[in-house]
There are 2 protein chains.
Amino acid sequence: MAKHPSLAAVVQRLEDRGLRVTAPRLSVLAAAAAGAEDQFSAEDIESRLPQVGRATIFRTLKLLVEMDVFCRVLLDDGNLRYRWSRRGHHHHLICDSCGAIEDFTGCDVTTLMQDLARRTGFTARGHWLEVYGRCAACHSRAAVSQ
Amino acid sequence: MAKHPSLAAVVQRLEDRGLRVTAPRLSVLAAAAAGAEDQFSAEDIESRLPQVGRATIFRTLKLLVEMDVFCRVLLDDGNLRYRWSRRGHHHHLICDSCGAIEDFTGCDVTTLMQDLARRTGFTARGHWLEVYGRCAACHSRAAVSQ
DNA sequence: CTCTTATTGACACATAGTCCCATTTCCACA
DNA sequence: TGTGGAAATGGGACTATGTGTCAATAAGAG
Ligand SMILES: [Zn+2]
Ligand SMILES: [Zn+2]
Ligand SMILES: [Zn+2]
Ligand SMILES: [Zn+2]
(Lines give C-alpha, C1' and ligand atoms only; values in the text may rest on other atoms or scores of the structure.)
(Ligands and ions follow the chains in the order given, each with its own letter.)
Protein backbone atom coordinates (compact mmCIF):
# COMPACT_ATOMS: atom_id res chain seq x y z
CA MET A 1 0.00 0.00 0.00
CA ALA A 2 1.41 3.37 -1.04
CA LYS A 3 2.25 5.92 1.60
CA HIS A 4 -0.05 8.38 -0.10
CA PRO A 5 -2.60 8.42 -2.90
CA SER A 6 -1.62 9.37 -6.43
CA LEU A 7 -1.56 13.05 -7.21
CA ALA A 8 -4.02 12.40 -10.03
CA ALA A 9 -6.56 11.02 -7.57
CA VAL A 10 -6.34 14.13 -5.38
CA VAL A 11 -6.59 16.39 -8.42
CA GLN A 12 -9.67 14.47 -9.48
CA ARG A 13 -11.25 14.99 -6.10
CA LEU A 14 -10.53 18.71 -6.20
CA GLU A 15 -12.19 18.96 -9.60
CA ASP A 16 -15.15 16.89 -8.45
CA ARG A 17 -15.73 19.47 -5.76
CA GLY A 18 -15.49 22.30 -8.28
CA LEU A 19 -12.26 23.53 -6.75
CA ARG A 20 -9.32 24.78 -8.73
CA VAL A 21 -6.10 22.93 -9.16
CA THR A 22 -3.60 25.64 -8.42
CA ALA A 23 0.16 25.79 -8.15
CA PRO A 24 0.14 26.42 -4.36
CA ARG A 25 -2.15 23.45 -3.76
CA LEU A 26 0.07 21.19 -5.78
CA SER A 27 3.13 22.50 -3.94
CA VAL A 28 1.60 21.66 -0.59
CA LEU A 29 0.89 18.13 -1.77
CA ALA A 30 4.42 17.80 -3.08
CA ALA A 31 5.91 19.17 0.14
CA ALA A 32 3.84 16.74 2.17
CA ALA A 33 5.08 13.86 0.06
CA ALA A 34 8.67 15.11 0.20
CA GLY A 35 9.41 14.52 3.87
CA ALA A 36 11.14 11.37 5.00
CA GLU A 37 8.53 10.91 7.69
CA ASP A 38 4.94 10.00 7.01
CA GLN A 39 3.90 12.84 9.27
CA PHE A 40 4.55 16.54 9.09
CA SER A 41 3.76 19.73 10.90
CA ALA A 42 2.39 22.90 9.35
CA GLU A 43 5.80 24.35 10.01
CA ASP A 44 7.48 21.62 7.96
CA ILE A 45 5.37 22.60 4.97
CA GLU A 46 6.01 26.29 5.55
CA SER A 47 9.75 25.86 5.62
CA ARG A 48 9.70 23.69 2.49
CA LEU A 49 7.64 26.31 0.66
CA PRO A 50 9.01 29.77 1.45
CA GLN A 51 7.48 31.10 -1.76
CA VAL A 52 3.94 30.18 -0.71
CA GLY A 53 2.05 32.49 1.65
CA ARG A 54 1.46 31.26 5.17
CA ALA A 55 -2.29 31.88 4.98
CA THR A 56 -2.46 29.78 1.84
CA ILE A 57 -0.60 26.93 3.47
CA PHE A 58 -3.01 26.84 6.38
CA ARG A 59 -6.02 27.20 4.10
CA THR A 60 -4.75 24.34 1.97
CA LEU A 61 -4.00 22.10 4.92
CA LYS A 62 -7.49 22.72 6.25
CA LEU A 63 -9.03 21.99 2.87
CA LEU A 64 -7.09 18.78 2.43
CA VAL A 65 -8.06 17.65 5.92
CA GLU A 66 -11.72 18.33 5.09
CA MET A 67 -11.26 16.32 1.91
CA ASP A 68 -9.77 13.51 3.97
CA VAL A 69 -6.53 13.62 2.02
CA PHE A 70 -4.70 14.45 5.22
CA CYS A 71 -5.69 13.70 8.76
CA ARG A 72 -4.65 15.37 11.98
CA VAL A 73 -2.83 13.52 14.72
CA LEU A 74 -2.82 14.82 18.26
CA LEU A 75 0.45 13.94 19.95
CA ASP A 76 0.65 13.19 23.65
CA ASP A 77 2.36 16.53 24.31
CA GLY A 78 -0.59 18.34 22.75
CA ASN A 79 1.19 19.12 19.48
CA LEU A 80 -0.56 18.52 16.20
CA ARG A 81 0.78 16.69 13.19
CA TYR A 82 -0.63 16.13 9.75
CA ARG A 83 -0.47 12.82 7.95
CA TRP A 84 -1.72 11.30 4.71
CA SER A 85 -5.08 9.90 5.61
CA ARG A 86 -5.85 6.30 4.94
CA ARG A 87 -9.39 7.63 4.35
CA GLY A 88 -12.48 6.68 6.25
CA HIS A 89 -12.87 6.22 9.96
CA HIS A 90 -9.64 5.32 11.66
CA HIS A 91 -7.46 6.23 14.60
CA HIS A 92 -3.76 6.41 15.36
CA LEU A 93 -1.34 4.41 17.41
CA ILE A 94 1.46 6.69 18.42
CA CYS A 95 4.71 5.22 19.70
CA ASP A 96 6.15 7.03 22.72
CA SER A 97 9.56 5.80 22.06
CA CYS A 98 10.20 6.22 18.32
CA GLY A 99 7.36 8.57 17.43
CA ALA A 100 6.04 6.33 14.67
CA ILE A 101 2.38 6.57 13.86
CA GLU A 102 0.32 3.62 12.69
CA ASP A 103 -3.24 3.70 11.51
CA PHE A 104 -5.78 1.52 13.13
CA THR A 105 -9.09 0.71 11.57
CA GLY A 106 -11.83 -1.52 12.83
CA CYS A 107 -12.51 0.85 15.70
CA ASP A 108 -15.26 -0.75 17.67
CA VAL A 109 -16.39 2.06 19.87
CA THR A 110 -19.96 1.42 18.78
CA THR A 111 -20.79 -0.92 21.65
CA LEU A 112 -19.30 1.66 23.99
CA MET A 113 -21.55 4.28 22.42
CA GLN A 114 -24.66 2.15 22.67
CA ASP A 115 -23.95 1.49 26.31
CA LEU A 116 -23.50 5.21 26.73
CA ALA A 117 -26.81 6.06 25.13
CA ARG A 118 -28.56 3.62 27.42
CA ARG A 119 -26.95 5.01 30.51
CA THR A 120 -26.99 8.74 29.85
CA GLY A 121 -29.33 9.39 26.94
CA PHE A 122 -26.45 10.94 25.02
CA THR A 123 -26.33 10.05 21.32
CA ALA A 124 -22.85 10.04 19.88
CA ARG A 125 -22.34 11.51 16.44
CA GLY A 126 -18.60 11.11 16.36
CA HIS A 127 -15.53 10.70 18.45
CA TRP A 128 -11.86 11.43 18.54
CA LEU A 129 -9.48 8.76 19.79
CA GLU A 130 -5.70 8.65 19.89
CA VAL A 131 -3.78 5.77 21.44
CA TYR A 132 -0.32 6.20 22.96
CA GLY A 133 2.06 3.36 23.70
CA ARG A 134 4.89 1.34 22.28
CA CYS A 135 5.10 -0.12 18.81
CA ALA A 136 6.13 -3.67 17.92
CA ALA A 137 9.47 -2.52 16.47
CA CYS A 138 10.41 -0.73 19.69
CA HIS A 139 9.44 -3.79 21.68
CA SER A 140 11.81 -6.02 19.76
CA ARG A 141 14.53 -3.38 19.87
CA ALA A 142 14.18 -3.29 23.66
CA ALA A 143 14.23 -7.09 23.85
CA VAL A 144 17.44 -7.29 21.82
CA SER A 145 19.34 -4.63 23.76
CA GLN A 146 18.57 -6.34 27.09
CA MET B 1 -22.36 15.67 43.72
CA ALA B 2 -20.69 19.08 43.94
CA LYS B 3 -19.53 20.77 40.75
CA HIS B 4 -16.06 21.03 42.19
CA PRO B 5 -14.11 19.78 45.19
CA SER B 6 -13.79 21.86 48.32
CA LEU B 7 -11.07 24.45 48.35
CA ALA B 8 -9.69 22.84 51.51
CA ALA B 9 -9.18 19.57 49.64
CA VAL B 10 -7.20 21.27 46.90
CA VAL B 11 -5.15 23.21 49.45
CA GLN B 12 -4.40 19.94 51.20
CA ARG B 13 -3.19 18.41 47.97
CA LEU B 14 -0.94 21.36 47.28
CA GLU B 15 0.59 21.04 50.73
CA ASP B 16 0.99 17.29 50.35
CA ARG B 17 3.09 17.97 47.29
CA GLY B 18 5.18 20.53 49.18
CA LEU B 19 3.80 23.36 47.07
CA ARG B 20 2.86 26.75 48.43
CA VAL B 21 -0.66 27.97 48.83
CA THR B 22 -0.40 31.39 47.28
CA ALA B 23 -2.85 34.18 46.57
CA PRO B 24 -2.61 33.78 42.76
CA ARG B 25 -3.29 30.05 43.00
CA LEU B 26 -6.31 30.63 45.18
CA SER B 27 -7.54 33.32 42.78
CA VAL B 28 -7.37 30.94 39.85
CA LEU B 29 -9.39 28.38 41.78
CA ALA B 30 -11.93 31.04 42.72
CA ALA B 31 -12.14 32.31 39.14
CA ALA B 32 -12.68 28.79 37.88
CA ALA B 33 -15.49 28.30 40.38
CA ALA B 34 -17.00 31.70 39.57
CA GLY B 35 -18.20 31.07 36.03
CA ALA B 36 -21.77 30.06 35.36
CA GLU B 37 -20.55 27.26 33.15
CA ASP B 38 -18.74 24.20 34.39
CA GLN B 39 -16.12 24.78 31.74
CA PHE B 40 -13.80 27.68 31.11
CA SER B 41 -11.05 28.80 28.80
CA ALA B 42 -7.68 30.17 29.81
CA GLU B 43 -8.95 33.48 28.51
CA ASP B 44 -11.95 33.37 30.88
CA ILE B 45 -9.59 33.10 33.82
CA GLU B 46 -7.34 35.84 32.48
CA SER B 47 -10.18 38.27 32.06
CA ARG B 48 -11.52 37.52 35.54
CA LEU B 49 -8.08 38.08 37.06
CA PRO B 50 -6.52 41.17 35.47
CA GLN B 51 -4.30 41.60 38.51
CA VAL B 52 -2.64 38.19 38.07
CA GLY B 53 0.18 37.81 35.57
CA ARG B 54 -0.57 35.86 32.43
CA ALA B 55 2.38 33.53 32.88
CA THR B 56 1.19 32.72 36.38
CA ILE B 57 -2.28 31.89 35.14
CA PHE B 58 -0.93 29.44 32.58
CA ARG B 59 1.53 27.96 35.06
CA THR B 60 -1.28 27.49 37.55
CA LEU B 61 -3.64 25.94 35.02
CA LYS B 62 -0.93 23.52 34.01
CA LEU B 63 -0.19 22.64 37.62
CA LEU B 64 -3.84 22.07 38.45
CA VAL B 65 -4.25 19.88 35.37
CA GLU B 66 -1.23 17.83 36.46
CA MET B 67 -2.79 17.54 39.89
CA ASP B 68 -6.02 16.37 38.26
CA VAL B 69 -7.96 19.23 39.80
CA PHE B 70 -8.84 20.41 36.31
CA CYS B 71 -9.00 18.43 33.12
CA ARG B 72 -8.71 19.56 29.55
CA VAL B 73 -11.53 19.10 27.06
CA LEU B 74 -10.87 19.19 23.35
CA LEU B 75 -13.86 20.65 21.54
CA ASP B 76 -14.87 19.51 18.08
CA ASP B 77 -13.60 22.76 16.58
CA GLY B 78 -10.16 22.11 18.06
CA ASN B 79 -10.51 24.61 20.87
CA LEU B 80 -9.49 23.67 24.36
CA ARG B 81 -11.50 24.13 27.53
CA TYR B 82 -10.68 23.48 31.14
CA ARG B 83 -13.09 21.84 33.54
CA TRP B 84 -13.11 20.65 37.13
CA SER B 85 -11.94 17.09 36.89
CA ARG B 86 -14.01 14.31 38.36
CA ARG B 87 -10.58 12.75 39.03
CA GLY B 88 -9.34 9.48 37.66
CA HIS B 89 -9.72 8.06 34.20
CA HIS B 90 -12.71 9.48 32.40
CA HIS B 91 -13.79 11.03 29.13
CA HIS B 92 -16.19 13.70 27.99
CA LEU B 93 -19.48 13.72 26.16
CA ILE B 94 -19.76 17.06 24.43
CA CYS B 95 -23.13 18.23 23.15
CA ASP B 96 -23.00 19.79 19.69
CA SER B 97 -26.14 21.67 20.24
CA CYS B 98 -25.93 23.21 23.71
CA GLY B 99 -22.21 22.80 24.38
CA ALA B 100 -22.77 21.01 27.67
CA ILE B 101 -20.07 18.63 28.79
CA GLU B 102 -20.76 15.47 30.74
CA ASP B 103 -18.21 13.15 32.25
CA PHE B 104 -18.24 9.54 31.38
CA THR B 105 -16.47 6.91 33.40
CA GLY B 106 -16.39 3.19 32.91
CA CYS B 107 -14.44 3.59 29.70
CA ASP B 108 -14.03 0.11 28.37
CA VAL B 109 -11.39 0.62 25.76
CA THR B 110 -9.39 -2.21 27.31
CA THR B 111 -10.83 -4.94 25.11
CA LEU B 112 -10.15 -2.71 22.14
CA MET B 113 -6.57 -2.36 23.31
CA GLN B 114 -6.08 -6.07 23.83
CA ASP B 115 -7.40 -6.76 20.37
CA LEU B 116 -4.99 -4.13 19.10
CA ALA B 117 -2.01 -5.71 20.78
CA ARG B 118 -2.88 -9.06 19.27
CA ARG B 119 -3.22 -7.62 15.79
CA THR B 120 -0.39 -5.13 15.61
CA GLY B 121 1.94 -5.82 18.52
CA PHE B 122 1.36 -2.28 19.78
CA THR B 123 1.02 -1.98 23.54
CA ALA B 124 -1.17 0.88 24.64
CA ARG B 125 -0.06 2.95 27.60
CA GLY B 126 -2.85 5.46 27.44
CA HIS B 127 -5.43 7.05 25.23
CA TRP B 128 -7.36 10.22 24.63
CA LEU B 129 -11.03 10.02 23.76
CA GLU B 130 -13.66 12.71 23.31
CA VAL B 131 -17.20 11.95 22.21
CA TYR B 132 -19.34 14.45 20.30
CA GLY B 133 -23.09 14.21 19.92
CA ARG B 134 -26.34 15.32 21.44
CA CYS B 135 -27.25 15.28 25.09
CA ALA B 136 -30.48 13.97 26.60
CA ALA B 137 -31.74 17.49 27.40
CA CYS B 138 -31.32 18.62 23.80
CA HIS B 139 -33.10 15.51 22.61
CA SER B 140 -36.18 16.25 24.69
CA ARG B 141 -36.04 19.93 23.74
CA ALA B 142 -36.07 18.91 20.07
CA ALA B 143 -38.94 16.48 20.68
CA VAL B 144 -41.05 19.18 22.35
CA SER B 145 -40.50 21.82 19.65
CA GLN B 146 -41.56 19.43 16.90
C1' DC C 1 11.44 37.45 63.00
C1' DT C 2 14.43 35.77 59.59
C1' DC C 3 16.15 32.99 56.09
C1' DT C 4 15.67 30.15 52.13
C1' DT C 5 13.58 29.02 48.23
C1' DA C 6 9.35 28.75 45.66
C1' DT C 7 6.72 31.71 43.23
C1' DT C 8 5.40 35.81 40.83
C1' DG C 9 4.98 39.46 37.19
C1' DA C 10 6.66 41.77 33.31
C1' DC C 11 8.05 41.17 28.96
C1' DA C 12 9.93 39.05 25.00
C1' DC C 13 9.35 35.23 22.15
C1' DA C 14 7.01 31.04 19.94
C1' DT C 15 3.49 28.46 17.58
C1' DA C 16 -0.66 27.81 15.21
C1' DG C 17 -3.68 29.80 13.21
C1' DT C 18 -7.51 33.51 11.33
C1' DC C 19 -9.10 37.77 8.97
C1' DC C 20 -8.91 41.31 5.58
C1' DC C 21 -8.38 42.97 1.13
C1' DA C 22 -6.04 44.37 -3.05
C1' DT C 23 -4.04 41.65 -6.70
C1' DT C 24 -3.54 37.60 -9.38
C1' DT C 25 -4.91 33.50 -11.78
C1' DC C 26 -7.79 29.96 -13.33
C1' DC C 27 -10.95 28.41 -16.59
C1' DA C 28 -15.61 28.40 -18.85
C1' DC C 29 -17.43 30.37 -22.47
C1' DA C 30 -17.80 33.33 -26.42
C1' DT D 1 -7.58 32.68 -28.78
C1' DG D 2 -9.47 36.27 -25.68
C1' DT D 3 -11.72 37.76 -21.78
C1' DG D 4 -14.80 38.47 -17.64
C1' DG D 5 -16.01 36.90 -13.26
C1' DA D 6 -15.15 33.93 -9.53
C1' DA D 7 -11.85 31.66 -6.89
C1' DA D 8 -7.64 31.74 -4.88
C1' DT D 9 -3.44 33.97 -3.33
C1' DG D 10 -0.01 36.86 -0.58
C1' DG D 11 1.07 40.04 2.75
C1' DG D 12 0.29 41.82 6.91
C1' DA D 13 -2.15 42.63 11.06
C1' DC D 14 -4.31 40.24 14.60
C1' DT D 15 -5.72 36.40 17.98
C1' DA D 16 -5.23 32.60 21.16
C1' DT D 17 -2.42 29.90 23.80
C1' DG D 18 1.44 29.21 25.46
C1' DT D 19 6.86 29.18 27.11
C1' DG D 20 11.51 31.18 28.87
C1' DT D 21 14.10 34.54 31.45
C1' DC D 22 15.09 36.98 35.35
C1' DA D 23 14.88 40.28 39.03
C1' DA D 24 11.71 41.12 42.80
C1' DT D 25 8.53 39.25 46.18
C1' DA D 26 6.47 36.44 49.65
C1' DA D 27 5.40 31.70 51.98
C1' DG D 28 6.20 29.35 55.65
C1' DA D 29 9.71 26.50 58.41
C1' DG D 30 12.38 27.13 62.21
ZN1 LIG E 1 8.24 2.81 18.10
ZN1 LIG F 1 -13.45 5.26 16.08
ZN1 LIG G 1 -27.14 19.63 24.81
ZN1 LIG H 1 -10.62 5.66 28.51
Side-chain angles (χ1 to χ4, degrees), chain A residues 7 10-32 35 39-67 69-83 128, chain B residues 7-8 10-32 35 39-67 69-83:
Chain A
L7 197 57
V10 179
V11 166
Q12 186 58 57
R13 276 153 66 197
L14 279 170
E15 287 170 345
D16 290 350
R17 291 183 54 156
L19 298 173
R20 292 182 180 168
V21 179
T22 64
R25 283 176 182 164
L26 293 171
S27 318
V28 169
L29 288 165
Q39 57 181 274
F40 46 92
S41 62
E43 211 279 324
D44 289 336
I45 304 294
E46 275 187 73
S47 64
R48 286 174 204 161
L49 299 175
Q51 76 280 16
V52 178
R54 244 169 59 82
T56 301
I57 288 177
F58 281 101
R59 273 189 296 241
T60 305
L61 285 174
K62 193 178 194 176
L63 173 67
L64 291 172
V65 167
E66 269 164 24
M67 287 175 61
V69 172
F70 294 159
C71 54
R72 295 156 168 271
V73 182
L74 186 66
L75 301 187
D76 206 14
D77 62 10
N79 283 348
L80 196 66
R81 286 293 129 82
Y82 294 85
R83 173 180 167 84
W128 176 274
Chain B
L7 196 57
V10 180
V11 166
Q12 185 58 57
R13 276 153 65 199
L14 280 170
E15 286 170 347
D16 290 350
R17 291 184 53 157
L19 299 173
R20 292 180 181 171
V21 178
T22 65
R25 283 175 182 165
L26 294 172
S27 318
V28 168
L29 288 165
Q39 57 182 271
F40 46 92
S41 62
E43 210 279 325
D44 289 337
I45 303 296
E46 274 188 75
S47 65
R48 285 173 204 161
L49 299 175
Q51 75 282 13
V52 178
R54 248 171 53 83
T56 300
I57 287 177
F58 281 100
R59 275 189 294 242
T60 305
L61 284 174
K62 192 178 195 177
L63 174 67
L64 291 172
V65 168
E66 268 164 25
M67 288 175 61
V69 172
F70 295 158
C71 54
R72 293 155 169 271
V73 182
L74 187 66
L75 302 187
D76 206 13
D77 61 10
N79 283 348
L80 196 67
R81 285 292 128 81
Y82 294 86
R83 173 179 167 84

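These numbers come from the heavy atoms of this one structure, side chains and all, not from hydrogens, waters or symmetry mates. Letters A, B, ... mirror the listed sequences (proteins, then strands); counts begin at 1.
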What is the distance, to the nearest angstrom, from the [atom1] atom on [X] to the [atom2] atom on [N]?
X	N	atom1	atom2	value
B:Leu63	D:dG18	CG	P	14 Å
B:Gln51	D:dT25	CD	C1'	16 Å
A:Asp77	D:dT17	CG	P	18 Å
B:Asp44	D:dT15	CG	P	17 Å
B:Leu64	C:dT7	CG	P	12 Å
A:Arg25	D:dA7	CZ	P	11 Å
B:Arg72	D:dA16	CZ	P	18 Å
A:Ile57	C:dT18	CD1	C1'	15 Å

May I ask you to decide if [Y]'s main-chain N or O and [X]'s side chain share a donor-acceptor pair within less than 3.5 Å?
X	Y	answer
A:Arg25	A:Arg20	yes
A:Arg48	A:Ala31	yes
A:Arg13	A:Met67	yes

Looking across every strand, which nucleic acid part, if any, lies under 4.0 Å from B:Arg59 by heavy atom: base, sugar-phosphate, or nothing? base

Stepwise, does the side-chain contact (heavy atoms from CB on, under 4.5 Å) test hold for B:Leu19 with B:Leu63? CA-CA 10 Å; B:Leu19 299 173; B:Leu63 174 67; 3.7 Å; yes

Check whether any side-chain N or O of B:Lys62 sits under 4.0 Å from OP1 or OP2 of D:dT19, and answer yes or no. yes

Report the relative orientation of the aromatic rings in A:Phe40 and A:Phe70; use parallel for angles under 30°, tilted for 30 to 60°, perpendicular for over 60°. perpendicular

Can you tell me how far CD of B:Glu43 sits from CG of B:Asn79, rounded to the nearest 0.5 angstrom? 11.5 Å

Taking all heavy atoms of [X] and all of [Y], pick out the closest pair and write down the distance.
X	Y	result
B:Leu74	B:Gly78	CD1-O, 3.6 Å
A:Ser41	A:Tyr82	C-CD1, 4.3 Å
B:Ile57	B:Glu46	CD1-CA, 3.6 Å

Report the C-alpha separation of A:Gln51 and A:Leu49 in whole Å, then their side-chain angles, then the decisive distance to 0.1 Å, and conclude whether the side-chain contact (heavy atoms from CB on, under 4.5 Å) test is met. CA-CA 5 Å; A:Gln51 76 280 16; A:Leu49 299 175; 3.9 Å; yes

Close approaches to DNA chain C from residues 12-24 of chain B, in residue order (heavy atom, under 4.0 Å): B:Leu19, B:Arg20, B:Thr22, B:Pro24

N/O to N/O distances under 3.5 Å, protein versus nucleotides 14-16 of chain C:
none

Take the C1' atoms of the five end pairs on each side of the helix from C:dC1-D:dG30 to C:dA30-D:dT1, get both axes, and report the angle to 10 degrees. 30°

Taking it one step at a time, do A:Leu29 and A:Val69 satisfy side-chain contact (heavy atoms from CB on, under 4.5 Å)? CA-CA 9 Å; A:Leu29 288 165; A:Val69 172; 4.2 Å; yes

